[in-house]
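Please read all numbers here as calculations on a predicted model, not as lab measurements. Note that these values count all heavy atoms, side chains included, but never hydrogens, waters or copies made by symmetry.
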Amino acid sequence: MPLSKSLPNTPSLLKRAGTDKLREVFLKYASLQKNGEHYMTSEDFVRKFLGLFTESAFNDESVRLLAGIADTSKDGLISFSEFQAFEGLLCKPDALYRTAFQLFDRKGNGTVSFADFAEVVQKTELHSKIPFSLDGPFIKRYFGDKKQRLINYAEFTQLLHDFHEEHAMEAFRTRDPAGTGFISPLDFQDIIVKVKRHLLTPGVKDNLVSVTEGHKVSFPYFMAFTSLLNNMELIKQVYLHATEGSRTDMVTKDQILQAAQTMSQITPLEVDILFDLAGAVHQAGWWKRRRKIAPNSRIDYSDLSNIAPEHYTKHITPRLADIKVVESAANRSAFIQILESSYRFTLGSFAGAVGATVVYPIDLVKTRMQNQRAGSYIGEVAYRNSWDCFKKVIRHEGVLGLYRGLLPQLLGVAPEKAIKLTMNDLVRDKFTDKKGNIPTWAEVLAGGVAGGSQVVFTNPLEIVKIRLQVAGEIASGSKIRAWSVVKELGLFGLYKGARACLLRDVPFSAIYFPTYAHVKAMMADKDGYNHPLTLLAAGAIAGVPAASLVTPADVIKTRLQVVARSGQTTYTGVWDATKKIMAEEGPRAFWKGTAARVFRSSPQFGVTLVTYELLQRLFYVDFGGSQPKGSEAHKIASPIETAAAKTTFENLDHIGGYRAAVPLLAGVESKFGLYLPRFGRGVAAGTPTTTTTTGS
C-alpha cells in the first residue's frame with residue numbers, strides 16, 4: 001500500500017462527496033448488474049477501485065475480508081447505498097476504529113461474536129507466526145466462559161486495544177515455559193519484531209539485541225519496553241514540556257523524569273530504556289558501533305524521532321511541485337549539490353526582487369538623507385527629516401520619483417540576494433549535524449560568508465542606484481540614466497567603496513541570519529510550524545539590530561560612492577571619510593538615516609525571506625539536503641488526520657471520505673497489527689492483474 005507523506009490543507013474531518021459524483025464513480029467500477037441494479041464485486045472494490053492486492057497471485061480470502069467492511073449485507077456484493085454509507089463512515093473522527101469494527105462484524109448485525117473475532121484473527125500473519133490462545137482467560141473475560149457474549153462497538157475498541165498487549169504477554173509466556181520470568185535476547189527480538197512490527201523503525205529493529213547488552217530480558221523490562229513503544233508520542237510531549245517547546249535543547253534523564261511526574265505515568269525503567277535505545281540507534285547510525293550510555297547523557301527531539309517518527313508531516317502550504325531528486329542524503333553527488341544551489345539561487349533571485357520592490361521608496365529616502373551634508377555646501381539642508389524628504393520627493397518628482405533607479409536595482413538585487421541566501425544556506429549545511437543542529441559560531445560564520453560573497457554584485461548595484469537616487473535633488477540638468485553611469489564609472493569604478501561595502505555587508509549578514517533563525521524558531525508553533533506571518537515578523541525583527549548597528553559603514557559607503565558636488569567634501573577612502581565626517585559633522589553624522597535604513601532593511605528582508613521560504617514550500621524539490629525549518633507541522637495525528645496524511649491522491653476517483661480509504665485500511669494493519677496475507681489461494685477466473693486508478 002503506497003503511502004505518501006503529505007496532507008492537504010483540509011479540516012480534520014473529511015468533507016463528504018456529493019451523491020451524483022459518488023454514483024458516477026460507483027458505476028465506473030461496478031461490473032455486475034442484477035435486477036436492474038449495479039453492484040461491485042469484492043475485486044471491483046478492493047483491487048480495481050482501491051488499488052490494493054494488485055498482484056496476480058493475490059490472496060482472494062484477504063480481498064473478501066476487506067470488501068466485507070463495506071458489504072454490510074454480507075452477500076458478497078456492494079450496492080451503491082453500501083458504497084455511499086462506507087464513504088460517510090470514512091469521514092467520521094473515529095473512522096479507524098469503525099473500519100476495524102466492520103472488518104470483524106462478519107454478520108453485519110452491529111456486534112462482534114467470538115466466532116467473528118476468531119475468524120479474522122486466525123487469518124492474520126501475526127497469528128500464523130505467534131498463535132494466540134483463543135481459549136484462554138483473556139477471551140473469556142470479554143466473551144464469557146461459554147464465548148456467547150456479543151461485543152458492541154464501544155466495547156470492541158477496548159478489546160482491540162487490550163488484545164495486542166495480551167498477545168505480547170502471551171508470546172513472552174510461550175518463550176518462558178519454565179516460568180523463570182526471563183527470555184533470551186533473541187526471543188525478545190523475535191517477539192518484538194512480530195508483535196510490535198508496526199511500531200518499529202529500522203534503527204530500533206536493528207538494535208533490539210544490542211540494547212539488551214546480551215543479558216536475558218526480564219518480564220518487567222519486556223513490559224516497560226512495549227509500553228515505551230506504545231507511548232512514544234506521549235514521551236515527545238513530555239520532552240517538549242521539559243524544554244518549553246524547544247526541539248533542539250538537550251535533556252537529561254532527570255529532566256525527563258521531572259517533567260513526566262506532572263504529565264504521565266512514565267516509569268524510571270521506561271526512561272532508562274529510552275536513553276539506552278536512543279544511544280544505540282544514534283551510535284549505530286553515525287559510527288556503526290554502540291557505546292554504553294553515560295548516566296549524564298542527553299537526548300534531543302531528533303533522538304525521539306529516530307525511535308518513533310512523527311505520525312505524519314503536514315504541509316500547510318499546498319505544493320505546486322513535489323520532486324524527489326535523490327532517495328537519500330547518501331546519494332547526493334557533487335552535481336546534485338550544484339543543482340540544489342542553482343535551485344536556491346533561482347528562488348532567491350525572485351524573492352530578492354520582490355523584497356526590493358516593496359521597500360524601494362524607503363531606500364530612496366534613506367539614501368538622500370545619508371547624502372545630505374551639514375555645513376559643507378551653501379543651502380545644503382534640503383530635508384528636515386525622513387518624512388519631510390518623502391513628501392518633497394512626491395511634490396517635486398511625483399510618485400514615480402520614489403522609484404527612481406528601480407530597474408538597475410532589480411537587475412542587480414536578484415543575483416545579490418540570491419548569492420547571499422544561497423551562500424548562507426550552503427555554509428549552514430556544511431556545519432549542520434545529522435540532528436539538524438548548528439553551533440552559533442557557525443551561524444555567524446555562514447552569515448558573514450554570505451555577506452562577503454554578495455559584494456561582487458552589491459557594490460556595482462549600489463553605486464549606480466545611489467547616483468540615480470540623488471540625481472533628482474538637482475533641479476536642473478539632463479536626465480541621468482543607469483547605462484550612462486556605468487559607462488562613466490567603468491569596470492573598476494563600479495567597485496569604488498567596496499571596502500566600505502564589505503564593512504557593512506559582512507557584519508550585517510553575520511548578525512541578521514543567526515538572529516532570524518533563532519527568532520523564527522521562537523515564533524514557531526508547538527508542532528514546529530512557522531506561519532508565513534511569523535516568517536515575515538522574524539525577518540523584520542532580525543533586521544532591526546542588523547541594519548542599525550552597521551549604519552556607520554553604510555554612511556561611509558554612501559559618501560564614497562556619491563559624486564561630490566561643487567563645494568562638498570571629497571573622500572579618498574574609508575579611513576579618510578571616517579576622519580572627515582567626524583571632524584566636520586561629529587559622531588551623530590554616522591547614524592544619519594538609521595531610522596530610514598531600519599524601516600527599509602527590516603521589511604525588505606522580512607518580505608525577501610518569507611517569499612524565499614514560501615517558494616521552497618510551493619515548489620518543493622528534495623535534493624537530499626536540508627529544508628527550511630518550520631516548513632512543516634510535525635503533529636501527533638488523530639486517526640482521520642493520519643489517514644488523510646498518508647493518502648497518495650493518485651486515484652482521482654477517491655473523492656470525499658474515500659480519500660482516506662487506502663491509508664485507513666493500512667492503519668488497521670499498522671496500528672492494530674492486523675496484517676492480512678497478500679498472496680496465495682490462487683486467482684479468480686478472468687481476474688485482471690492491473691488496476692484502474694484514474695478515469696479515461
*asked:* Strictly distance-based, threshold 3.5 Å: is any side-chain N or O of Asn35 a donor or acceptor partner for the main-chain N or O of Glu37?
replied: no

_Glu87 side-chain N/O to Gly657 backbone N/O, donor-acceptor pair under 3.5 Å_ = yes

_Aromatic contact, His167 with Phe132 (centres under 6.0 Å)_ = yes

*Quick one: does Asn230's side chain have a donor or acceptor within less than 3.5 Å of a partner on Thr226's backbone?*
yes

*Can you find a side-chain donor-acceptor pair between Gln84 and Thr19 that sits under 3.5 Å?*
yes

_Phe101 backbone acceptor or donor facing Asp105 side chain under 3.5 Å_ = no

*Is there a side-chain contact between Phe104 and Val121 (heavy atoms, below 4.5 Å)?*
yes

*Is there a side-chain contact between Ile235 and Met232, using heavy atoms and a 4.5 Å cut-off?*
yes

*salt bridge (Lys or Arg N to Asp or Glu O under 4.0 Å): pairs with one or both residues in residues 129-145, sequence neighbours excluded*: Asp135-Lys147

*Is any side-chain heavy atom of Asp162 less than 4.5 Å from a side-chain heavy atom of Phe138?*
yes

_Could you check whether atom CZ of Phe350 has more than 12 heavy atoms from other residues, nucleotides or ligands sitting under 6.0 Å from it?_
no

*Between the side chain of Gln102 and the main-chain N/O of Thr99, is any donor-acceptor distance below 3.5 Å?*
no

*Heavy atoms, side chains only, cut-off 4.5 Å: are Arg106 and Leu65 in contact?*
yes

_Asn306 versus Val281, closest heavy-atom pair with distance_ = CB-CG1, 3.9 Å

*What residues, two or more places apart in sequence or in another chain, satisfy ring pair (Phe, Tyr, Trp, His ring centres under 6.0 Å) together with Tyr239?*
Tyr301

*So, for Lys107 and Asp116, which heavy atoms are closest and what is the spacing to 0.1 Å?*
NZ-OD1, 3.3 Å

*Test Asp653 against Tyr29 for side chain to side chain donor-acceptor pair (under 3.5 Å), laying out the working first.*
CA-CA 10 Å; Asp653 292 331; Tyr29 292 92; 2.7 Å; yes

*asked:* Name the residue from Phe45, Phe80, Tyr39, Phe49 that meets the ring-ring contact (aromatic ring centres under 6.0 Å, His included) definition with Phe26.
replied: Phe80

*Would you say Asp71's side chain and Ala67's backbone share a donor-acceptor pair under 3.5 angstrom?*
no

*With distance as the sole test, does Asn530 use its side chain to make a donor-acceptor pair with the main-chain N or O of Lys520 at under 3.5 Å?*
yes

*asked:* Looking at every heavy atom in both Val25 and Ile655, which two are closest together, and how far apart are they?
replied: CG2-CD1, 4.0 Å

*What pairs of residues pass the salt bridge (Lys or Arg N to Asp or Glu O under 4.0 Å) test when at least one of them lies in residues 72-84, not counting sequence neighbours?*
none

_If only side-chain N and O atoms count, and only distance matters, is there a donor-acceptor pair under 3.5 Å linking Ser305 with Asp303?_
no

*asked:* A cation-pi test, strictly: NZ or CZ of Arg149 under 6.0 Å from the centre of the six-membered ring of Tyr142 and no more than 45 degrees from its axis. Yes or no?
replied: no

*Taking Ser113 for the side chain and Leu150 for the main chain, is one N or O donor matched with an acceptor at less than 3.5 Å?*
no

*Does the side chain of Ser133 come within less than 4.5 Å of Glu170's, by heavy atoms?*
yes

*Where do Ser128 and Glu125 come nearest, in terms of heavy atoms and distance?*
OG-O, 2.5 Å

*asked:* Keeping Asp44 on the side-chain end and Thr41 on the backbone end, is there a donor-acceptor pair under 3.5 Å?
replied: yes

_Looking at every heavy atom in both Ser42 and Val63, which two are closest together, and how far apart are they?_
O-CG1, 3.8 Å

*Taking atom CG of Leu347 and atom CZ of Arg617, what is their separation to the nearest 0.5 Å?*
13.5 Å

*asked:* Determine whether the aromatic ring centres of residues Phe619 and Tyr343 are separated by less than 6.0 angstrom.
replied: no

*Is the ring centre of Phe163 less than 6.0 Å from the ring centre of Phe117?*
yes

*Carefully, step by step, assess Arg173 and Glu166 under the rule salt bridge (charged side-chain N to carboxylate O under 4.0 Å, His left out).*
CA-CA 11 Å; Arg173 289 191 291 268; Glu166 183 67 23; 3.1 Å; yes

*Looking only at atom types and distance, does a side-chain atom of Ser227 sit under 3.5 Å from a main-chain N or O of Met223, one as donor and one as acceptor?*
no

*Nearest 0.5 Å, what's the CG-CD distance between Leu50 and Glu43?*
13.0 Å

*Is there side-chain contact between Phe143 and Gln148, with at least one heavy-atom pair below 4.5 Å?*
no

*Under-4.0 Å salt bridge between Lys196 and Glu165*: yes

